[in-house]
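In this text the structure is predicted, and so the values were computed from the model without any measurement. Residue indices begin at 1 and follow the sequence shown.
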Amino acid sequence: MTTEKNGSTAGSLIHFRMWCEKHLSERVFVLILAFVVGLIAALAAFVLHWLINIIASFLMQSASADDADWRYLVYPVVGILITMLFVRYVVKDNISHGITRILYAISTNRSRLKPHNTWTSVVASAITIGFGGSVGAEAPIVLTGSAIGSNLGRVFNLDRKTMMLLIGCGAAGAIAGIFKAPIAGLVFTVEVLMIDLTMASLLPILVSCVTATCFTYVLSGDAALFTFHLDNAWTVQRIPACLFLGAFCGLVSLYFIRMMGACEGFFARFRHRAYVRLVVGGVMLSLLIFLFPALYGEGYLSINLLLNGDGTTDWNRVLDNSLFAGEGNLLLVYIALVILTKVIATSATNGAGGCGGTFAPSLFVGCFAGFFFSRFWNQYQLGTWLPEKNFALMGMAGVMSGVMHAPLTGIFLIAELTGGYGLFLPLMIVSVTSYLVIILFEPHSIYGARLAREGKLITHNTDHAVLTLMQLDSVINKDYMAVGPDVELGDVVRKISRSHTNVIPVLDAAGGLLGEIDIASIRHIVFRIELYHHFVASQLMKEPKAVLSDSDSMAVIMETFDRTQADWLPVLDSEQHLKGYVSRQRMFTHYRQMVADLSED
């Protein structure tokens with residue numbers, strides 16, 4: 001019955017695709033798919049936040065604001081345990097580092113994300129965050145949206161370029177749906193996912209963003225994720241303070257990225273001991289949340305307190321449930337400690353087995369950093385008075401711009417998210433300054449650093465992007481004629497007559513490469529039949545000009561050809577067995593074709 005049902009579904013899709021090809025242009029068909037992707041991504045975002053709110057409300061009802069709450073010690077660990085069991089026994093796959101996984105799929109996996117990614121991240125992150133895990137829901141929902149686009153493209157057997165576009169539509173729709181910020185969704189796709197905008201790709205991504213935003217309004221009403229009212233208009237006298245805030249945010253971003261990397265390295269030691277990771281990470285997280293309850297969950301309540309507070313009475317509510325409760329004179333100390341520990345709490349959540357992203361934590365840290373900067377400035381009278389909530393808002397843009405290396409996303413997201421267009425210029429100053437500071441120390445974003453180290457990161461540089469997208473399997477020639485070291489010249493000549501390459505590899509009994517015979521170098525004896533029994537392969541072979549590994553990136557392979565000027569180079573696998581040959585001519589032909597395809601509008 002199941003087989004018949006699957007066959008019927010596949011047949012229906014084929015008929016629908018044929019109908020579309022007959023009645024619709026390819027451009028219109030892609031726009032329809034972009035609309036569908038945006039719609040489903042918005043629905044997934046709504047479901048995720050609904051689940052998080054349901055779980056959190058049920059667990060934390062009747063909480064007292066005055067005393068430390070023992071539940072902060074228990075709930076986060078329980079949530080991570082449930083998430084870990086769900087991933088291990090239901091998903092049976094790694095679903096962490098959502099945005100990095102998207103970048104990896106674009107660069108190395110022909111824009112293919114697994115079907116389970118369309119829902120598993122929603123469930124896992126809802127459990128983690130609902131129980132208090134100190135991570136964000138944005139990266140999981142971006143992975144979900146991208147997976148929806150990727151699998152929809154796979155269903156209709158679309159080419160890699162169109163599937164990459166649909167991944168961008170899914171990511172953009174997810175961001176637009178979560179934050180009700182269509183422009184930010186568009187810019188995020190360009191800056192973070194490195195998808196270049198042409199006239200052919202701009203419209204589908206816009207369709208997805210607008211669809212997701214409108215559908216989110218229908219589902220959740222007009223309420224914004226954050227509320228902000230501009231009470232103090234920006235003035236030119238605050239330009240120096242904005243520049244200093246931008247530099248401060250850049251340094252905070254550097255701490256964020258470096259500390260995150262150090263914590264990931266620490267938990268990597270327990271990679272194969274899941275329950276040890278759970279205990280170590282769970283204890284770290286629980287203690288941090290118990291000491292600093294603002295770290296509980298996404299932290300959006302604390303962000304809204306700082307963005308909407310009218311004075312110390314409101315801001316001191318951030319201290320509720322902590323050991324600092326009622327100690328308003330220690331507010332700055334508490335804020336500073338939260339900034340330092342948020343990254344550790346986020347890493348502990350994911351390291352222990354939870355599921356979540358760094359998108360919301362960067363907004364959280366940015367808000368606290370902006371508030372700390374302005375409050376410190378005012379308290380010690382370092383210059384003209386600064387409105388704390390305005391600088392808390394600008395700090396959100398600054399740290400996010402630095403952590404993600406995405407200043408435009410930071411500017412437009414915060415402006416759209418809060419309606420803070422009155423602060424558009426200072427948002428630009430802070431975001432750009434933060435970005436300029438962070439790139440002095442970190443050339444890649446927190447998402448791209450892992451892939452950049454492996455040479456698998458797509459960038460806006462066309463040459464680099466093409467080399468990243470090229471796959472070794474697409475240019476390697478495995479149809480070679482090999483001989484042993486004791487094979488006589490006559491048998492070598494017979495191999496040459498059937499070979500499709502200009503070299504004949506000489507292999508030992510185990511398949512290891514001993515050398516190669518260049519056909520051109522033996523042409524003076526090939527036709528001398530009387531010599532056919534006087535020479536063997538080991539006497540005719542030479543060492544190759546270079547040897548490639550099947551793990552080498554295409555950039556390394558291209559550089560090796562340029563350095564050696566070889567026409568053919570052998571490729572060895574991890575056990576040093578010959579895998580095949582790469583032709584210089586075939587590689588450059590494939591490269592030029594991909595450049596042409598990538599440059600088409």
Side-chain angles (χ1 to χ4, degrees), residues 34-61 98 118-119 121-133 135-149 169-189 205-229 296-305 307-308 355-357 359-361 363-364 367 393 396 400 409 412-421:
F35 172 82
V36 174
V37 170
L39 196 67
I40 301 176
L43 180 61
F46 174 79
V47 169
L48 175 55
H49 278 288
W50 177 78
L51 286 173
I52 292 172
N53 291 332
I54 288 292
I55 296 172
S57 298
F58 175 76
L59 295 177
M60 296 306 296
Q61 57 186 336
T118 58
W119 64 276
S121 293
V122 171
V123 176
S125 59
I127 297 170
T128 300
I129 300 170
F131 276 81
V135 287
E138 291 74 22
I141 203 61
V142 169
L143 174 60
T144 299
S146 296
I148 291 167
C169 289
I175 293 294
I178 290 172
F179 296 114
K180 298 178 182 175
I183 299 176
L186 173 67
V187 176
F188 172 86
T189 304
I205 295 176
L206 275 176
V207 167
S208 181
C209 289
V210 173
T211 302
T213 304
C214 293
F215 194 58
T216 302
Y217 272 109
V218 171
L219 290 171
S220 61
D222 297 334
L225 199 57
F226 304 121
T227 56
F228 177 79
H229 301 287
Y296 187 88
E298 294 173 292
Y300 288 165
L301 179 61
S302 297
I303 291 177
N304 276 313
L305 283 175
L307 291 181
N308 296 286
C355 178
F359 202 113
L363 294 177
F364 179 92
C367 182
L393 183 73
M396 293 171 70
M400 196 182 83
T409 303
F412 283 104
L413 177 63
I414 302 306
E416 286 187 290
L417 197 58
T418 61
Y421 287 100

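The two residues Ala184 and Phe412 come nearest to each other via the heavy atoms CB-C, 4.2 Å. Of all heavy-atom pairs spanning Ala212 and Ala176, the tightest one is CB-CB, 4.4 Å. Shortest non-hydrogen contact noted between Asp222 and Lys180 is C-NZ, 3.8 Å. Annotation for Ala181 and Thr213: closest pair N-OG1, 4.2 Å, computed over non-hydrogen atoms. Of all heavy-atom pairs spanning Pro361 and Gly136, the tightest one is CD-N, 3.8 Å. Here the shortest heavy-atom pairing between Pro140 and Gly356 reads CG-CA, 3.9 Å.
Taken from SG in Cys214 to CG in Leu219, the straight-line distance is 11.5 Å, to the nearest 0.5 Å. Taking OG of Ser220 as the reference point, atom CD1 of Ile178 lies at 11.5 Å (rounded to 0.5 Å). Here Phe228 contributes atom CZ and Leu393 contributes atom CG; the two are 5.0 Å apart, rounded to the nearest 0.5 Å. For the atom pair OG1 (Thr216) and CG (Leu43), the distance works out to 9.0 Å, reported to the nearest 0.5 Å. Separating the CZ atom in Phe188 from the CD1 atom in Ile175 is a distance of 4.5 Å, to the nearest 0.5 Å. The CD1 atom of Ile303 sits 4.0 Å away from atom CZ of Phe226, with the distance rounded to the nearest 0.5 Å.
A side-chain donor-acceptor contact under 3.5 Å links Thr128 to the backbone of Cys355.
Residues satisfying the side-chain hydrogen bond (donor to acceptor under 3.5 Å, both in side chains) test with Thr409, not counting sequence neighbours, are Glu191. For the side-chain hydrogen bond (donor to acceptor under 3.5 Å, both in side chains) test, no residue two or more places apart in sequence or in another chain qualifies with Tyr217. Looking at residues two or more places apart in sequence or on another chain, you find a side-chain hydrogen bond (donor to acceptor under 3.5 Å, both in side chains) between Asn308 and Thr227. In terms of the ring-ring contact (aromatic ring centres under 6.0 Å, His included) criterion, residue partners of Phe364 (sequence neighbours excluded) are, by chain and number, Phe368. For Glu298, there are no side-chain hydrogen bond (donor to acceptor under 3.5 Å, both in side chains) partners at least two apart in sequence or on another chain.
The side-chain heavy atoms of Ser125 and Leu48, taken from C-beta on, include a pair separated by under 4.5 Å. Looking at heavy atoms from C-beta onward, Ile414 lies in side-chain contact with Leu363 at the 4.5 angstrom threshold. Contact check for Phe359 versus Val142: no side-chain heavy atoms found under the 4.5 Å cut-off. Side chains of Thr144 and Ile141 form a contact here, defined as non-hydrogen atoms less than 4.5 Å apart.
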Would you list the atom pairs, donor with acceptor, under 3.5 Å between side chains in residues 49-58 and any protein atom, with sequence neighbours excluded?
from, atom 1, to, atom 2, distance (Å)
Asn53, ND2, His49, O, 3.1
Ser57, OG, Asn53, O, 2.7

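Within a 6.0 Å radius of CZ in Phe35, other residues, nucleotides and ligands contribute 12 heavy atoms or fewer.
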